[in-house]
Amino acid sequence: MATEKTDVVIVGAGAAGGILAAELGKAGMKVIALERGPRLTTADFTPHDELRYFQRQELRPNARRQPVTWRANAKARAYPLPILNYGNQAGGGTVHYGAVSWRLHEDDFRARSQTIERYGAAAIPSDSSLADWPLSYADLEPFYDRAEYDLGVSGKAGNLQGRTIDGGNPFEAPRRRDYPLPPLLVDQAGALFETGARKLGHHPFSTPRAILSRPYQGRSACTYCGFCQAFGCHVGAKSSILVTKLPEADRTGNFKAITGAMCYRVNSDAGGRATGVAYYGPDGSDNTIEAELVILAPFIYDNVRLLLLSKTAKFPNGLANSSGQVGRHLMAHIGARVFAAFDDRYVNIYMGPSAQRHTLDDFNADNFDHGGLGFIRGAQVSVSPADLEAGPIGAAISMNPPPGVPRWGAAYRDFLAKYFARHAAITAQTENLPYADQTIDLDPDVRDQWGLPAPRLTYDWRRPNELARVEFMTRKVEELGRAMGATQVWRSPLGSGAPGAHHEGGTRMGSDPATSVVNRYGQSWDMPNLFVVGSSTFPTMSGFNPTLTIQALAYMTADAIVTRYKSRPGPLV
Amino acid sequence: MRKRRASRREFLARAAAGAGAVAGAGLGSGAAAGAQEQHTSTGASAAAQPRSEGQGHGAFFNQEEAAAIAAFTERLMPGAPGKPGAREAGVLNYIDLALAGAYADLQDVYRRGLSALEAHCRKTYNESFARLAAARQDDVIRALDEGTAGGFTWPDAKAFFDTVRTHTMEGLFADPIYGGNKDFAGWRLVGFPGAQPVFTPADMQSRQAFTRAPIIGLQAQAKRS
C-alpha cells in the first residue's frame with residue numbers, strides 16, 4: 001500500500017483527462033493521472049489486424065473481466081453487454097475512434113428553449129427531461145477553436161463569422177476561423193454521396209476529423225489505409241490524446257501517469273471536501289493518493305460508479321449527489337442504417353479514413369421543420385463502411401444481405417464476393433432525448449475483476465419520439481442510397497433497445513444545484529474540489545459525435561482552474 | 001440454475017450476433033460443469049482415437065467433431081471453381097486453434113452444440129451430419145438458423161449456428177497467421193487487399209478493383225490472381 005501526495009489527481013487519461021493533465025501541468029500544478037489500461041505507442045499499431053482489433057476488440061475493455069450490464073427497464077433482468085465500445089488505455093477512446101470531430105449547433109445548447117419557442121411545450125414528450133445547457137455555443141467557441149488547433153482537425157468551414165462558405169457545413173454555428181487543416185481526400189463512396197445528396201437538394205460536405213490531411217506539429221499526414229475505427233493509427237496521423245496531449249503533459253515535468261491503476265473510491269472528509277482517491281494497482285495493491293483537487297474523467301459508466309461507490313456517512317447517496325441526479329438521463333446514439341450496392345463500379349470502401357466520411361446536416365438538430373412529424377430533434381446523416389471499419393470480417397458480421405439473399409450458403413458467398421468492394425452504408429445517427437428513468441447504477445449481482453459492482457444500464461431507446469425519428473430518417477437514407485446510383489438499397493435491422501455508440505449523461509450539468517450534479521465547469525455543486533469532465537455532463541446529446549465537445553469542455557475547465565480556481569479555490573459559479 | 005442457464009443462452013445469442021463478442025462470451029461455472037459431465041461420456045471414445053496429421057485440426061477437435069465442423073462451415077461458405085470456400089481457406093484449422101487458445105472459454109459451446117447436432121441428425125436422418133448429402137446438411141443448418149432443430153438445450157440451436165457462422169467468417173477473413181484464410185483465399189474471394197499501409201489519391205478515385213499492389217498480410221504478401 002502506497003500513499004502519495006499531489007496537487008491534482010485525474011482519473012482516466014483519455015479525451016478529457018489528457019487535456020487537463022497537460023494544461024494543469026503547464027500551469028505548474030503537480031498532476032497524477034490514474035489509467036486502468038496500458039500506455040501504448042504508435043509502434044504498437046503496426047501491422048493492422050482486423051481480427052485482433054475490430055473483432056476481438058483489443059483496444060476496448062474486456063466485456064468478461066470488466067462487465068457492464070444492461071436491462072431494458074427496471075423490471076427486466078440485466079445481462080452483461082457483449083461489446084463495450086469505449087477506450088481502455090491511455091488516450092482513451094481517442095486511440096481507437098474514427099476521429100469525427102464536431103462542434104455542436106447553437107440550438108444543441110438550448111434544445112428545450114428552441115423546441116418550446118418553435119413548436120410549443122407540448123412538442124416535448126412528457127416523460128423526457130430535455131434541458132438547456134448552462135452555457136451557450138458562444139461560451140464554448142473559443143475552446144472548440146483551441147481544441148481544433150491544438151490537436152489538429154481537418155475540415156472546411158461552412159460558417160465563417162456568419163458568412164456561409166461553399167463546400168463546408170452551412171448549418172454549422174459561426175466559427176472565428178477555418179480549420180487548421182484542409183479536408184481529407186474524398187473516397188468513391190463520399191463522391192457518390194456528394195453527388196446524390198446535391199441531386200436531392202441537400203448540403204453534403206467532408207466530415208471534419210481529427211486526422212491530419214497534411215503534416216502538422218511534427219506529426220505525419222494520413223495515408224488513407226482505412227484502419228481508423230477500432231484501430232490505433234500506424235503513422236500517428238490520428239490526433240489522439242496519446243500522441244498529442246500526453247507527450248505535452250510529459251514535457252511539463254509535473255505529470256505522472258500510473259497505468260493499470262483502477263480507481264475505486266474518491267475519499268472525502270467530514271467537512272465535505274474531497275481528499276484524494278483510492279486505487280488498486282496492477283499488482284493488486286491497495287493505494288491512496290492525497291490531492292487538493294480530484295478530477296474524474298473516465299468513461300461515463302465509471303464517473304457514475306465512482307460517485308456512487310464513494311458514499312460516506314455525510315453523503316449516503318454517493319458524492320456530488322445531493323440532487324439525486326447521479327446516474328440519470330443516460331443517452332446514446334442509434335444508427336438508422338441502410339446498405340447500398342453498386343453494380344456499375346467498385347467503391348472500394350476499405351480505402352480512406354474510416355467511420356463517418358461524408359456528411360449532411362440538413363436533418364440534424366432543429367435544422368429542418370419538425371412540424372407535424374411526430375418527433376423533435378434530428379440526426380446526422382453520413383456514408384461509411386458497413387460497421388465503420390472497412391475489413392471483410394466487419395462486412396460479413398455487420399452487413400445483413402438484401403431481402404431474398406440468405407446469410408449463408410452459395411448465394412451469400414456470391415453476394416459478399418460481388419459486393420464487398422461495391423457497397424456502402426448510409427447512416428442517420430439520431431439524437432435520442434434524455435429521459436430521467438434511463439439510468440446507470442450499481443449492479444447488485446455482477447462484479448468485475450476488482451470485485452467492484454458492475455455498472456448497470458437501464459435503458460431502452462424505443463420511445464415514441466425516437467421510433468418516429470428513426471422511421472423518418474431511414475426513409476431519408478434510403479432515398480439517398482437510390483440518389484447515389486445504387487442498384488439495391490436495403491435496411492439494416494435496428495436490434496434491441498440497448499444503447500448504441502457515444503454515451504452521454506449520468507452527471508448532468510446545469511444552472512441549478514437542485515436539478516443537476518455539476519456546474520458548467522464540471523465542478524460538483526456539493527464538493528467544489530471535485531470535478532467531473534466528459535460526456536456524462538451533457539444535458540442533451542445532439543446527433544453529432546461527442547468527442548470534440550468533451551475536449552472543448554476540458555479546455556474550458558482547465559482554463560477556469562488555472563485562471564481562477566488555482567488562486568482562489570472554491571465554487572466557480 | 002434454470003434462470004442462470006437462460007441468461008447465458010441469451011447472452012450467447014447476442015454475443016454471437018455482435019462483432020467481437022465471441023471472445024468475451026463468458027461461461028459461468030454452473031453450465032460449464034453440466035457440459036463437462038455430458039461430454040465425458042460422448043467424448044471419451046473419440047478422444048482415444050489417434051489423430052491424423054494434416055487435416056487441419058488436432059488442437060481441440062476430435063476427428064468426428066472435426067468432420068462435422070468441416071462439413072458445416074463448408075455449407076455456410078461453400079467453395080466452387082474460382083471461389084474458395086471454407087474448406088479451401090482452412091476454416092476448420094482456424095476454429096480448432098482458436099478454441100485451443102483465444103476462445104478456450106467457448107469449448108463447451110462446441111462440445112455440446114456438436115453433440116446436439118449429431119443427436120439431431122441421427123434421430124432425424126439416422127446418419128451423422130458429416131455423412132449427410134449436401135442438401136440434407138443445408139436442411140439441418142436451416143433448422144438451426146431458424147431455431148427449429150430439436151434436441152438443443154445449451155447452447156440453443158440458433159446460438160450455436162450464430163457462433164459457427166461468426167467463426168466461419170473469421171476463419172475466412174482473418175489474417176492467415178490465425179490459421180485460416182489460407183493463401184489469402186477469403187481475401188481473394190471478396191477482393192480485399194489486406195493491410196495496405198497506403199492508398200494513393202488515384203487509388204481512392206478509381207472505379208475499378210484494386211490491383212496496384214499485392215495482398216499484404218501480417219507475415220506475407222501474395223500476388224493478385
Side-chain angles (χ1 to χ4, degrees), chain A residues 46-52 54-57 60 62-64 67 77 79-84 185-188 191 223-227 230 234-235 344-348 350-352 387 391-398 406-410 412-414 416-421 495-496 498, chain B residues 3 7 10-12 14-26 75-80 83 85 102 105 138 141-142 145 161 165-166 168-170 172-175 177-178 186-187 189-201 203-210 216-218:
Chain A
T46 302
H48 290 300
D49 180 347
E50 191 189 16
L51 184 73
R52 179 176 174 185
F54 170 74
Q55 184 70 352
R56 296 184 180 172
Q57 313 256 316
R60 308 187 206 187
N62 183 303
R64 202 175 157 207
R77 167 177 280 263
Y79 298 102
L81 287 166
I83 302 166
L84 300 178
L185 291 179
V186 178
D187 66 309
Q188 273 287 309
T223 64
Y224 298 90
C225 75
F227 293 93
H234 73 294
V235 296
D344 66 337
R345 70 181 71 208
Y346 281 79
V347 181
N348 297 328
Y350 53 79
M351 296 178 186
D387 205 348
I393 299 176
I397 302 296
S398 304
R407 61 186 193 126
W408 57 276
Y412 178 74
R413 172 203 66 206
D414 291 346
L416 202 60
K418 179 166 183 189
Y419 289 112
F420 167 71
S496 71
Chain B
K3 269 188 189 163
S7 79
E10 176 152 330
F11 180 88
L12 185 70
R14 288 185 290 114
V22 280
R75 292 317 301 158
L76 294 186
M77 287 296 271
K83 298 172 180 175
D105 60 327
D138 286 355
I141 293 172
R142 201 170 295 114
D145 186 11
F161 169 86
R165 183 189 186 276
T166 296
T168 300
M169 298 307 162
E170 291 178 4
L172 262 173
F173 299 125
D175 189 274
I177 58 162
Y178 294 101
W187 290 355
L189 176 72
V190 299
F192 180 61
Q196 299 286 330
V198 177
F199 288 115
T200 66
D203 296 336
M204 302 262 292
Q205 283 157 27
S206 169
R207 296 177 180 186
Q208 307 303 318
F210 177 80
I216 297 179
L218 299 185

Q | CA sep, side-chain torsions, deciding dist, call: B:F173, A:L416, side-chain contact (heavy atoms from CB on, under 4.5 Å) | A | CA-CA 12 Å; B:F173 299 125; A:L416 202 60; 3.7 Å; yes
Q: Go through the steps to decide whether A:Y412 and B:R165 satisfy the test side-chain contact (heavy atoms from CB on, under 4.5 Å), and finish with yes or no.
A: CA-CA 12 Å; A:Y412 178 74; B:R165 183 189 186 276; 3.1 Å; yes
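For the pair B:P78 and A:G409, the tightest heavy-atom approach, listed with the atom from each and the gap, is CD-C, 3.6 Å. The two residues B:R142 and A:W408 make their nearest non-hydrogen contact at N-CZ2, 3.7 Å. Nearest heavy-atom pair across A:A417 and B:L189 is CB-O, 3.4 Å.
Put simply, the side chain of A:R413 never gets that close to the backbone of B:M77: no donor and acceptor are under 3.5 Å apart. A:Q188 places a side-chain N or O within donor-acceptor distance of the main-chain N or O of B:Q205, the cut-off being under 3.5 Å.
With rounding to the nearest 0.5 angstrom, the CE atom of B:M169 is 11.0 Å from the CD1 atom of A:I393. A distance of 9.0 Å separates CD in B:Q196 from CZ in A:F227, rounded to the nearest 0.5 Å. In this structure, CG on B:D175 lies 10.5 Å from CD on A:E50, to the nearest 0.5 angstrom. We find the OH-CZ distance between A:Y346 and B:R207 to be 14.5 Å, quoted to the nearest 0.5 Å.
Cation-pi geometry between A:R407 and B:F161 is not satisfied (NZ or CZ under 6.0 Å from the ring centre, within 45° of the ring normal). A cation-pi arrangement is present between A:R56 and B:Y178 under the rule of less than 6.0 angstrom and at most 45 degrees off the ring axis.
The contact between A:H48 and chain B is made by backbone and side chain atoms together, counting heavy-atom distances below 4.5 Å. With a 4.5 Å cut-off on non-hydrogen atoms, B:D145 touches chain A through its side chain but not through its backbone. Interface remark: A:D344 contributes no atoms to any contact with chain B (heavy atom separation under 4.5 Å). With a 4.5 angstrom heavy-atom cutoff, A:Y350 touches chain B via backbone and side-chain atoms both. Heavy-atom distances place both the backbone and the side chain of A:A396 under 4.5 Å from chain B. Proximity to chain A involves both the backbone and the side chain of B:I141, based on heavy atoms less than 4.5 angstrom apart. Only the side chain of A:N348 comes within contact range of chain B, with heavy atoms under 4.5 Å apart. Proximity to chain B is absent for every atom of A:V347, based on heavy atoms less than 4.5 angstrom apart.
Your options are A:G391, A:P392, A:G226, A:P47, and the one with the most heavy-atom pairs under 4.5 Å with chain B is A:P392. Of the residues considered (B:L172, B:T168, B:L218), B:L218 shows the highest number of contacts with chain A, using heavy-atom pairs under 4.5 Å. Considering only heavy-atom pairs separated by less than 4.5 Å from chain A, the leading option among B:G194, B:P197, B:G79 is B:P197.
Within a 6.0 Å sphere centred on CZ of A:R345, heavy atoms belonging to other residues, nucleotides or ligands number more than 12.
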